[in-house]
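Just so it is clear, the values below take in all heavy atoms, side chains as well, and ignore hydrogens, waters and symmetry mates. Just so we're clear, the structure is a prediction, and the values are computed from it rather than from any experiment.
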2 protein chains.
Amino acid sequence: MVEKDFSEQEHQDALNHLKESIPANEELESMVNIFKAFGDMTRVKIILALSKTPLSVGEIADTLDMSQSSISHQLSLLRQLNLVTSVRHGRNIHYRLSDQHIITIFGQTKDHIIEDEND
Amino acid sequence: MVEKDFSEQEHQDALNHLKESIPANEELESMVNIFKAFGDMTRVKIILALSKTPLSVGEIADTLDMSQSSISHQLSLLRQLNLVTSVRHGRNIHYRLSDQHIITIFGQTKDHIIEDEND
DNA sequence: TGAATATATGAGCATTCATTCATATTTCAT
DNA sequence: ATGAAATATGAATGAATGCTCATATATTCA
């Protein structure tokens, strides 16, 4: 790589400090894990459903036409990431979004896509 | 599932319209694909690097201590999702973030994590 | 034109991941 | 206490995914 092509001092400066400016894995991991959680259709739908109202596991399974087990596994993952919280009510367990922030992030991402389409 | 536990009219209403309120797969797919892209350490680092300055493939590979091939594959994916754009300059190809929006989304997600830690 | 450099690409491989199936656990009702 | 209902969990499996290796393509330079 020869790479003297930008030929601007500005770019050289940026390059010099670039490596140090990238956070270490440990620092990025929690963010990456949250995006990983958002990168699955089932989990996105669970989150969208919970954004309307708190729901029991069975209600989510019904709504999404998926097995109880599958939903439960996914909720367990979302719970580990603190994206949802759960409270037992008798035989049911009510899940809710831990933070409306999440929906904002979905919105921002939708916006990015919209921008794309106007090309 | 008996589920008369919430016992609020409000929740019943929400439940009734819930299924229709969840967008279909086709509508969610592009968002899910973008999150999938963000759900990988290498791609996140590429994006963070590009947020500082446009870079050639080789410069990215150097910065992240990864193979040219691996970076090229990932850039190809990011390009398909319109997350980055590329322009050839002689032998090099300069990649840049297609939209600063992306960094805003990263920031929002970081914020979500910060909130978590204050529990 | 031919060698060198930068990037892209396809196949192969190992790992990760989402779902299913079977079963365990918890709680309620009788 | 016992059976039924709601949820959780572990193992197994097939699909998706990220990296590597080898090689193809494009561009510059001598």
Side-chain angles (χ1 to χ4, degrees), chain A residues 1-7 15 25 28-29 32-47 50 54-81 83-96, chain B residues 1-7 15 25 28-29 32-47 49-50 54-81 84-96:
Chain A
M1 205 179 24
V2 176
E3 198 61 61
K4 263 294 177 190
D5 192 78
F6 288 94
S7 71
L15 249 188
N25 285 6
L28 292 176
E29 228 142 48
V32 168
N33 284 335
I34 287 182
F35 283 135
K36 228 174 255 179
F38 293 168
D40 175 82
M41 186 67 73
T42 300
R43 289 189 293 261
V44 164
K45 285 183 176 176
I46 291 175
I47 290 169
L50 290 178
L55 292 165
S56 72
V57 179
E59 287 173 329
I60 299 174
D62 278 4
T63 303
L64 305 189
D65 278 310
M66 295 192 59
S67 77
Q68 176 272 322
S69 178
S70 177
I71 298 298
S72 185
H73 276 297
Q74 298 296 7
L75 284 170
S76 150
L77 192 153
L78 295 175
R79 207 173 348 122
Q80 280 175 40
L81 294 171
L83 293 171
V84 303
T85 62
S86 64
V87 174
R88 180 180 279 278
H89 281 246
R91 278 184 279 211
N92 303 311
I93 298 184
H94 292 182
Y95 280 83
R96 63 168 62 247
Chain B
M1 208 180 18
V2 176
E3 198 59 63
K4 264 294 177 191
D5 192 79
F6 287 95
S7 72
L15 249 189
N25 285 5
L28 292 175
E29 228 143 48
V32 168
N33 283 336
I34 287 181
F35 284 135
K36 229 174 252 179
F38 293 169
D40 175 81
M41 186 66 74
T42 301
R43 289 189 293 261
V44 163
K45 285 183 176 175
I46 291 176
I47 290 169
L50 290 178
L55 292 165
S56 72
V57 179
E59 287 173 330
I60 299 174
D62 278 4
T63 303
L64 305 189
D65 278 310
M66 296 191 59
S67 77
Q68 176 271 323
S69 178
S70 176
I71 299 298
S72 183
H73 277 296
Q74 298 296 7
L75 284 171
S76 150
L77 193 152
L78 294 175
R79 206 171 352 116
Q80 282 175 40
L81 294 172
V84 303
T85 62
S86 64
V87 173
R88 181 179 278 277
H89 281 244
R91 279 185 279 214
N92 303 312
I93 298 185
H94 291 182
Y95 280 84
R96 64 168 62 246

(request) Quickly work out the A:Leu81 CG to C:dC17 P distance and round it to whole Å. (result) 11 Å
Distances under 3.5 Å only, N/O to N/O: pair up the protein atoms with those of nucleotides 14-18 of chain D.
unit_1 : atom_1 : unit_2  : atom_2 : d
D:dG18 : OP1    : B:Arg43 : NH1    : 3.2
D:dG18 : OP1    : B:Arg43 : NH2    : 2.6
D:dG18 : OP2    : B:Arg43 : NH1    : 3.2

(message) Please tell me if A:Ser69 has a side-chain N or O lying less than 4.0 Å from either OP1 or OP2 of C:dT19.
(response) no
(message) Could you check whether any side-chain N or O of B:Asn92 sits under 3.5 Å from a backbone N or O of B:His94, counting only pairs where one atom can act as donor and the other as acceptor?
(response) no
(request) Grab the two heavy atoms, one from B:Leu50 and one from B:Tyr95, that are nearest each other, plus how far apart they are. (result) CD2-O, 3.4 Å
(message) Nearest 0.5 angstrom please: B:Arg79 CZ to B:Ser72 OG, how far?
(response) 7.0 Å
(request) Round to a whole Å and report the spacing from CD of B:Gln68 to P of D:dC21. (result) 13 Å
(message) Applying side-chain contact (heavy atoms from CB on, under 4.5 Å) to B:Ile60 and B:Leu75, what does each step give before you reach the verdict?
(response) CA-CA 10 Å; B:Ile60 299 174; B:Leu75 284 171; 4.1 Å; yes
(request) Measure the spacing between OG of A:Ser86 and CG of A:Leu78 and express it to the nearest 0.5 Å. (result) 11.0 Å
(message) Between C1' on D:dT9 and CZ on A:Arg79, what's the gap in Å once rounded to a whole number?
(response) 11 Å
(message) Side-chain N or O of B:Asn92 versus OP1/OP2 of C:dT7: is the shortest distance under 4.0 Å?
(response) yes
(message) Distance check needed: D:dA8 P versus A:Ile71 CD1, whole Å only.
(response) 11 Å
(request) Mind calculating the distance between NE2 (A:His89) and P (C:dT26) to the nearest angstrom? (result) 19 Å
(message) If I compare all heavy atoms of A:Phe38 with all of A:Ile47, which pair ends up nearest, and what's the gap?
(response) CE2-CD1, 3.7 Å
(request) For B:Ile93 and C:dT9, give me the distance from atom CD1 to atom P, rounded to whole Å. (result) 9 Å
(message) What is the distance, to the nearest angstrom, from the CD atom on A:Glu59 to the C1' atom on D:dT7?
(response) 13 Å
(message) Strictly below 4.0 Å: does A:Ser67 bring a side-chain N or O up to OP1 or OP2 of C:dT20?
(response) yes
(message) Tell me if the side-chain of A:His73 makes a donor-acceptor pair with the base of C:dT20, cut-off 3.5 Å, by modelled atom types.
(response) yes
(request) Rounded off to whole Å, could you give me the CD1-to-C1' distance for the A:Ile60 and D:dA8 pair? (result) 14 Å
(request) Kindly compute the distance separating OG (B:Ser56) from CZ (B:Arg91), expressed to the nearest 0.5 Å. (result) 12.5 Å
